Amino acid sequence: MKRLMERPAVHGYITDTTGKPIEATVQIREHKSYEAEVWNSRPSDGFFYRLLLEPGMYTIHVEAKGFISTIKKVNVQEGPVSVSIKLRK
């Protein structure tokens with residue numbers, strides 16, 4: 001488990017502007033996904049977690065039905081980086 005905590009990763013919560021959790025599709029643009037591979041935040045609390053291959057700048061693209069899609073850039077070094085994303089209607 002300790003090795004996983006030392007790996008580059010991005011995690012956080014996706015909510016609306018009032019703080020209500022949102023189930024959303026989370027894509028890391030620099031990370032190759034396989035056909036039909038989809039990563040979502042949890043509907044119960046909006047939490048997402050994505051391991052990355054190496055440190056670097058990553059672009060997070062978040063979209064959910066009924067909300068404006070959002071793009072956020074993050075600099076990930078060794079270990080996980082926490083990101084909070086609020087979606088607007």
Side-chain angles (χ1 to χ4, degrees):
M1 184 70 159
K2 184 178 178 188
R3 291 176 92 187
L4 284 177
M5 296 306 292
E6 294 172 353
R7 294 275 317 267
V10 62
H11 66 88
Y13 293 89
I14 300 171
T15 62
D16 66 11
T17 55
T18 67
K20 181 179 175 187
I22 298 173
E23 180 179 13
T25 301
V26 180
Q27 296 176 320
I28 307 295
R29 294 239 170 116
E30 294 77 9
H31 186 319
K32 182 182 176 191
S33 296
Y34 296 100
E35 187 175 334
E37 181 181 19
V38 177
W39 290 86
N40 289 327
S41 59
R42 290 191 306 224
S44 61
D45 59 5
F47 182 77
F48 71 96
Y49 189 96
R50 187 76 165 130
L51 282 174
L52 303 168
L53 296 176
E54 60 189 15
M57 285 298 293
Y58 288 91
T59 308
I60 304 170
H61 180 236
V62 179
E63 56 184 6
K65 186 176 181 177
F67 292 89
I68 299 169
S69 62
T70 299
I71 295 172
K72 188 164 192 169
K73 289 209 171 259
V74 294
N75 186 9
V76 179
Q77 298 302 316
E78 294 298 323
V81 171
S82 181
V83 177
S84 294
I85 298 172
K86 291 188 183 295
L87 297 182
R88 294 180 293 143
K89 289 193 175 214

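All values below were derived from every heavy atom in this structure, side-chain atoms included, with hydrogens, water molecules and symmetry-related copies excluded. Just so it is clear, the model here is predicted, and its values are computed rather than measured.
Between the CZ atom of Arg88 and the OG1 atom of Thr70 there is a distance of 7.0 Å, given to the nearest 0.5 Å. Remark: Ile22 CD1 to Leu87 CG distance equals 4.5 Å, nearest 0.5 Å.
Linking ILVMFWY residues whenever their side-chain heavy atoms come closer than 4.5 Å, directly or via other members, leaves Tyr13 and Val26 in distinct clusters.
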I'd like a table of donor-acceptor pairs (distance under 3.5 Å, sequence neighbours excluded) in which one partner is a side-chain atom from residues 53-63, with atom names and distances.
| residue | atom | partner | partner atom | Å |
| --- | --- | --- | --- | --- |
| Tyr58 | OH | Glu54 | O | 2.5 |
| Thr59 | OG1 | Glu30 | OE2 | 2.8 |
| Thr59 | OG1 | Lys73 | NZ | 2.9 |
| His61 | ND1 | Gln27 | OE1 | 3.2 |

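Using the six-membered ring where Trp is involved, Phe47 and His11 have ring planes that are tilted, between 30° and 60° apart.
Arg7 approaches Leu52 most closely through the heavy-atom pair NH2-O, 3.0 Å. When all heavy atoms of Gly46 and Pro21 are compared, the closest pair comes out as N-CB, 3.5 Å. For the pair Tyr49 and Ala9, the tightest heavy-atom approach, listed with the atom from each and the gap, is OH-CB, 3.6 Å.
Between the side chain of Lys72 and the backbone N or O of Ser84 there is at least one donor-acceptor pair closer than 3.5 Å.
Summarising the hydrophobic clusters (Ile, Leu, Val, Met, Phe, Trp, Tyr; side-chain heavy atoms under 4.5 Å, direct or chained), the residues clustered with Trp39 are none.
Residues satisfying the side chain to side chain contact (heavy atoms under 4.5 Å, CB included) criterion with Ser44, sequence neighbours excluded, are Arg42. Partners of Lys20 by side chain to side chain contact (heavy atoms under 4.5 Å, CB included), not counting sequence neighbours, listed by chain and number: Asp16, Thr18.
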